[in-house]
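Data block below; observations after.
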There are 2 protein chains.
Amino acid sequence: MSITIKDVAKEAGVSVATVSRALNNNGYVHEDTRKAVMDAIQLLNYKPNEVARSLFTKKSKFIGLVLPDITNPFFPSLARGVEDFLYAEGYHLIIGNSDKQQDKESEYIDAFLQNNVIGLIISTDEIAYNKLEKAKIPTVLLDRVAENFPAVYADQDEGGTLAAERIIASGCRCVTIVRGPISVQTTYKRYKAAYHVLKQHQIEINIIDSSLSFQGGQEAAIRLLRSIRIRMAFLLVMILLQLRL
Amino acid sequence: MSITIKDVAKEAGVSVATVSRALNNNGYVHEDTRKAVMDAIQLLNYKPNEVARSLFTKKSKFIGLVLPDITNPFFPSLARGVEDFLYAEGYHLIIGNSDKQQDKESEYIDAFLQNNVIGLIISTDEIAYNKLEKAKIPTVLLDRVAENFPAVYADQDEGGTLAAERIIASGCRCVTIVRGPISVQTTYKRYKAAYHVLKQHQIEINIIDSSLSFQGGQEAAIRLLRSIRIRMAFLLVMILLQLRL
DNA sequence: TTGTAAGCGTTATCAC
DNA sequence: GTGATAACGCTTACAA
């Protein structure tokens with residue numbers, strides 16, 4: 001039904017091999033026949049079947065991106081950045097939401113491999129290392145770090161320091177840090193750096209632990225507000241006592 | 001390098017045809033040989049090459065999702081919902097950000113088709129209708145509507161009505177509607193329904209136009225706040241005059 | 001510079 | 001019930 005390389009070959013009056021060579025700029029092909037091929041391609045609006053290509057080359061135009069949850073507001077911009085770059089290069093993104101379950105991540109990796117993805121970008125905490133190493137698929141960690149894997153991530157020390165300096169500059173003398181899981185290196189480093197700066201400036205520090213999910217942040221916020229409310233009630237009592245009412 | 005159906009066939013002492021049949025529950029295969037095949041699969045940890053499958057069947061496990069911009073907070077949950085369902089069924093999601101450019105959307109569609117996607121889910125405003133109709137690929141519109149295409153979308157009348165009723169119930173007598181582009185059916189309907197209810201209750205209505213992007217909302221909010229500030233300054237002056245200071 | 005043909009890993013059509 | 005084998009659309013030796 002679809003137009004194949006054969007149709008193009010017939011139209012251009014050459015063999016499929018020549019069409020292929022012209023298409024991929026591979027090996028010699030006379031300028032005139034190249035033109036004839038290109039014309040035929042245009043005329044028929046031929047688009048190579050990427051599946052057939054992939055079967056032969058064992059490559060593809062796909063990259064797999066596995067992240068905890070695209071719904072978490074941190075990830076869409078990550079995904080977008082990746083996608084933009086891939087689009088420009090003619091590649092495409094397959095996404096997987098692991099929900100922090102190793103087995104889900106593992107299934108995604110398998111499925112991606114079965115489709116000849118040429119690489120993986122992973123941004124989860126519970127990484128299926130052994131699977132990755134066995135598969136020998138190029139992998140880079142995004143916003144995560146681990147031994148034996150290339151990773152791209154922000155400078156957490158700098159980030160934590162900047163955040164602390166900024167809040168100090170704004171005049172706060174008592175700050176509460178909503179801290180991510182201490183088992184996650186990135187957030188822990190950020191916390192450490194901020195804590196360090198805050199301490200140096202003798203700021204009163206309050207810590208609230210939170211998961212990295214939206215819901216976790218929400219819960220942390222509620223706990224924070226509750227503690228503030230208590231503190232305010234306490235202050236109020238103090239004031240009332242002062243006023244000797 | 002990878003394990004193929006041939007390896008399984010050899011291991012199980014049968015032909016590739018039999019392995020294929022066992023794998024796909026196609027045609028007859030004796031219970032004993034089926035077991036032998038399954039054992040071999042387990043032993044070798046064989047995973048079918050989806051690319052080869054796809055080449056033959058002209059199908060795939062891929063669905064293409066094209067949306068304006070995954071970075072827009074509305075879309076991640078959409079994508080997640082789709083992805084969850086696909087995952088459960090063994091399918092996968094390829095995403096494309098169209099940035100509201102028809103040609104970009106068109107390129108994505110081409111690329112997806114070249115990879116034998118079995119369907120498209122589209123959630124953009126500038127839909128490349130003619131391309132879609134020519135391609136004859138099953139597509140469904142998400143949160144958009146158009147003639148000749150199946151679509152899933154929220155009940156906008158109901159939504160607008162609910163929003164209006166809710167805000168009236170909360171006691172507001174003067175509400176400003178931040179309205180999406182009137183050219184987009186979904187948002188326009190929502191606006192209309194809300195407007196209608198508000199009017200019925202003699203609420204004072206103020207309208208601000210906004211694009212559907214995050215940035216657009218931000219700008220609208222700024223415009224809104226600015227107008228409120230002016231109104232407040234006005235109120236203040238009135239009060240001061242009242243007080244005859 | 002070009003064409004012929006093998007092969008990528010499957011599935012389906014036929015014989016047996 | 002099972003096994004050869006052609007075919008899917010492409011790329012790349014190898015010949016010409």
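Numbers restart at 1 for each chain; the letters A, B, ... are given by sequence-line order, proteins then strands.
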Length of the CD1-C1' vector between A:I5 and D:dC10, whole Å: 6 Å

NA contact type, A:T33, heavy-atom cut-off 4.0 Å: base, sugar-phosphate, or nothing? sugar-phosphate

Could you tell me whether the side chains of B:N72 and A:R80 share a donor-acceptor contact shorter than 3.5 Å? no

Between atom CG in B:L55 and atom C1' in D:dA6, what is the gap in whole Å? 13 Å

Spacing of A:N115 atom CG relative to C:dT10 atom C1', expressed in whole Å: 13 Å

For B:K100, I'd like to know if atom NZ has over 12 heavy atoms of other residues, nucleotides or ligands within 6.0 Å. yes

Which residues share a side-chain contact (heavy atoms from CB on, under 4.5 Å) with B:A194, sequence neighbours left out: B:A164

Between C:dT10 and B:K6, is there an OP1 or OP2 to side-chain N/O distance shorter than 4.0 Å? no

Can you say whether the rings of A:F62 and B:F62 are parallel (under 30°), tilted (30 to 60°) or perpendicular (over 60°)? tilted

Just wondering, are more than 12 heavy atoms of other shown residues or ligands nearer than 6.0 Å to CD in B:Q185? no

Protein-nucleotide distance (B:I3, atom CD1; C:dG9, atom P), rounded to Å: 12 Å

Using a cut-off of less than 4.0 Å, is there contact between a side-chain N or O of B:S54 and OP1 or OP2 of D:dC8? no

Under 3.5 Å, which N/O atoms of the protein pair with N/O atoms of nucleotides 12-16 of chain D?
{"unit_1": "D:dT12", "atom_1": "OP2", "unit_2": "A:N26", "atom_2": "ND2", "d": "2.7"}

Which heavy atom of A:D143 sits nearest a heavy atom of A:Y153, and at what distance? CA-CB, 3.9 Å

Of the options C:dG9, D:dG1, C:dT4, whose atoms approach the side-chain atoms of B:H30 most closely? D:dG1

Under 4.0 Å between a side-chain N or O of B:R53 and OP1 or OP2 of C:dT11? yes

Side-chain N or O of B:T4 less than 4.0 angstrom from OP1 or OP2 on C:dG9? no

On the 0 to 90° scale, with breaks at 30° and 60°, tag the A:F149-A:Y129 ring pair as parallel, tilted or perpendicular. tilted

Counting only heavy atoms not in A:K47 (residues, nucleotides, ligands), do more than 12 fall under 6.0 Å from its NZ? yes

It should be established whether A:K58 places a side-chain nitrogen or oxygen under 4.0 Å from OP1 or OP2 of nucleotide C:dG9. yes

With a 4.0 Å cutoff (strictly under), does any side-chain N or O of A:Y46 reach OP1 or OP2 of D:dC10? yes

Can you check whether A:E133 reaches A:N148 side chain to side chain, under 4.5 Å on heavy atoms? yes

Select base, sugar-phosphate, or nothing to describe what A:V14 touches, counting heavy atoms under 4.0 Å on all strands. sugar-phosphate

What integer distance in Å separates B:N116:CG from C:dT11:C1'? 14 Å

Can you measure A:Y28 atom OH to C:dT2 atom C1' for me and round it to whole angstrom units? 13 Å

Classify the side-chain pair A:R53/B:N115 by whether it contains a donor and acceptor separated by less than 3.5 Å. no

Rounding to 10 degrees, work out the angle separating the end axes of the helix from C:dT1-D:dA16 to C:dC16-D:dG1 (five pairs an end). 50°

Quick one: A:K47 NZ to D:dC10 C1', roughly how many Å, whole number? 17 Å

Between C:dT1 atom P and A:K35 atom NZ, what is the distance in whole Å? 18 Å

